[in-house]
Amino acid sequence: MAAKHLTHLDAEGRVRMVDVGDKAVTTRTATAEGIFRTRPDVVTMVAGDALGKADVLATARLAGIGAAKKTSELIPLCHQIPLNSVKVHFDLDADAGAIHVSATAKTTGKTGVEMEALTAVSVAGLTLHDMVKAVDPLATMDGVRLAAKTGGKRGNWTRDIDDHDNNDDDNVDAQTAHSAGPADISDDRSAVVVVSSTAASRGEREDSTGPAIRSWLVEHGFDPVEVHVVADAEIDVAFTEQVRRSPAVLLTTGGTGVAPDDRTPEATAPHLTLPLPGVAEAMRARGIAVTPTAAMSRGLAGFAGRTLVANLPGSTGGVRDGLAVLDDLLEHLLDVHANGGGH
């Protein structure tokens, strides 16, 4: 956007506070939203008030409301405005390990309350993090954004109809904007491979399984495809971090056996919102046809939220067998899970 359209800059390009003295006094509202991501069991603990702290949601709600009142003290160019109300709401989705946070601020005045609503959501999310960090320090607050606003010279605005050319009450009329909104996650073809191998992570041996899986994914139309090599002791943290990023597919290799440091199934199990035991058994059965030791694999498969997850063995043969099973199932699993049916 050209600098002349930025209302927080003067004619010389210097930052200024916008003069709203000539604006009409109208009733204005704004709604913001964000997603607090954690483990499914933590969401269940929050819902059941089982964290051993004060009521988590009540505390986060009060924090969000209080933050909205102090927005002008936190954001340098925001005006001090009288708030008629601030409402903070939480929707808990234990299966997805998510708490959806929304806030609606309302005022009667000469300028909007978008920043107040955004600040309320942000601080409510930070408070959730503070309340659960003892059990899940890897929790994240994602996607904080303005969802809708009303009032003012430009009328009503919602994210669903905006083309991102209008983000300010002083710019283009929102009612003339047009857009498809955020991209459909069903179009996402991102994939991640996590290799659990202490020796490979230390550079003591070259890993061949990760590149093989990456090549297979690329051949199947996935892009981007990332490969992360981690020590066996780090698989829990690495797996959790990648699940939080919510790729379309997350495949692991290694750590599925019976050695003391084989912990990939244990790292995977807490995140599976829809286990697929038949897929895991099919991969084991294909391996057993070649070598009886394949029966020792404890690998799991399933969906973690929208992400298809499968644990492959650490051997090249085990990877080859697992991918051969997924060859026949991968696209069908993704399609049915994303679209709710259609065989």
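The shown structure was predicted, so the numbers you read here are calculated from the model rather than taken from an experiment.
If you run side-chain contact (heavy atoms from CB on, under 4.5 Å) between Met141 and each of Ile35, Val121, Leu126, only Val121 comes through. When each of Val243, Asp136, Asp142, Val42 is checked for a side-chain contact (heavy atoms from CB on, under 4.5 Å) with Arg37, only Asp142 meets the rule. Partner of Thr252 under the side-chain contact (heavy atoms from CB on, under 4.5 Å) criterion, out of Thr264, Val192, Val230: Thr264 alone.
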| said: side chain to side chain donor-acceptor pair (under 3.5 Å), that's the test. Do Arg306 and Ser246 meet it? Break it down for me. | reply: CA-CA 7 Å; Arg306 76 177 198 94; Ser246 194; 3.2 Å; yes
| task | Decide side-chain contact (heavy atoms from CB on, under 4.5 Å) for Leu217 and Val249; before the verdict, give the C-alpha distance in whole Å, the side-chain angles of both, and the deciding distance to 0.1 Å. | result | CA-CA 9 Å; Leu217 286 164; Val249 176; 4.3 Å; yes
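Without hydrogens or angle criteria, Thr29 side chain to Lys106 main chain gives no donor-acceptor distance under 3.5 Å. Distance alone, capped at 3.5 Å, places no donor-acceptor pair between the Thr291 side chain and the Gly287 backbone. Judged by distance alone, the side chain of His100 and the main-chain N or O of Glu33 form no donor-acceptor pair under 3.5 Å. Checked by atom type and distance alone, the side chain of Arg286 never pairs as donor or acceptor with a backbone atom of Arg320 at under 3.5 Å. The backbone N or O of Thr107 lies less than 3.5 Å from no partner atom in the side chain of Arg28, so there is not a single donor-acceptor pair. With hydrogens and angles ignored, the 3.5 Å screen pairs no side-chain donor or acceptor of Lys69 with any backbone N or O of Gly66. At distances below 3.5 Å, at least one donor-acceptor pair connects side-chain atoms of Arg284 with backbone N or O atoms of Ser297. Checking side-chain atoms of Arg298 against main-chain N and O of Pro265 turns up no donor-acceptor pair under 3.5 Å. Without hydrogens or angle criteria, Arg214 side chain to Val193 main chain gives no donor-acceptor distance under 3.5 Å.
Hydrophobic clustering keeps Leu272 apart from Val237 (ILVMFWY residues linked when any side-chain heavy atoms are closer than 4.5 Å, directly or through intermediates). Leu300 and Val319 are not part of a single hydrophobic cluster, where members link through side-chain heavy atoms under 4.5 Å apart. Under the 4.5 Å side-chain heavy-atom criterion for ILVMFWY residues, no single connected hydrophobic cluster contains both Val309 and Phe303.
Listed by first then second residue, pairs satisfying ring pair (Phe, Tyr, Trp, His ring centres under 6.0 Å) with a partner in residues 213-232 read Trp216-His220, not counting sequence neighbours.
Looking only at atom types and distance, the side chain of Arg245 has no donor-acceptor partner in the side chain of Ser190 under 3.5 Å away.
Between Arg189 and Glu331, at least one side-chain N (NZ, or NE/NH1/NH2) sits under 4.0 Å from a carboxylate O, which counts as a salt bridge.
Looking at heavy atoms from C-beta onward, Val113 lies out of side-chain contact with Thr71 at the 4.5 angstrom threshold.
Surrounding CD of Glu206 are at most 12 heavy atoms belonging to other residues, nucleotides or ligands under 6.0 Å away.
In this structure, Leu92 CG and Leu57 CG are separated by 5.5 Å, a value rounded to the nearest 0.5 Å. Between atom CG of residue Leu276 and atom CE of residue Met283 there is a gap of 9.5 Å, rounded to the nearest 0.5 Å.
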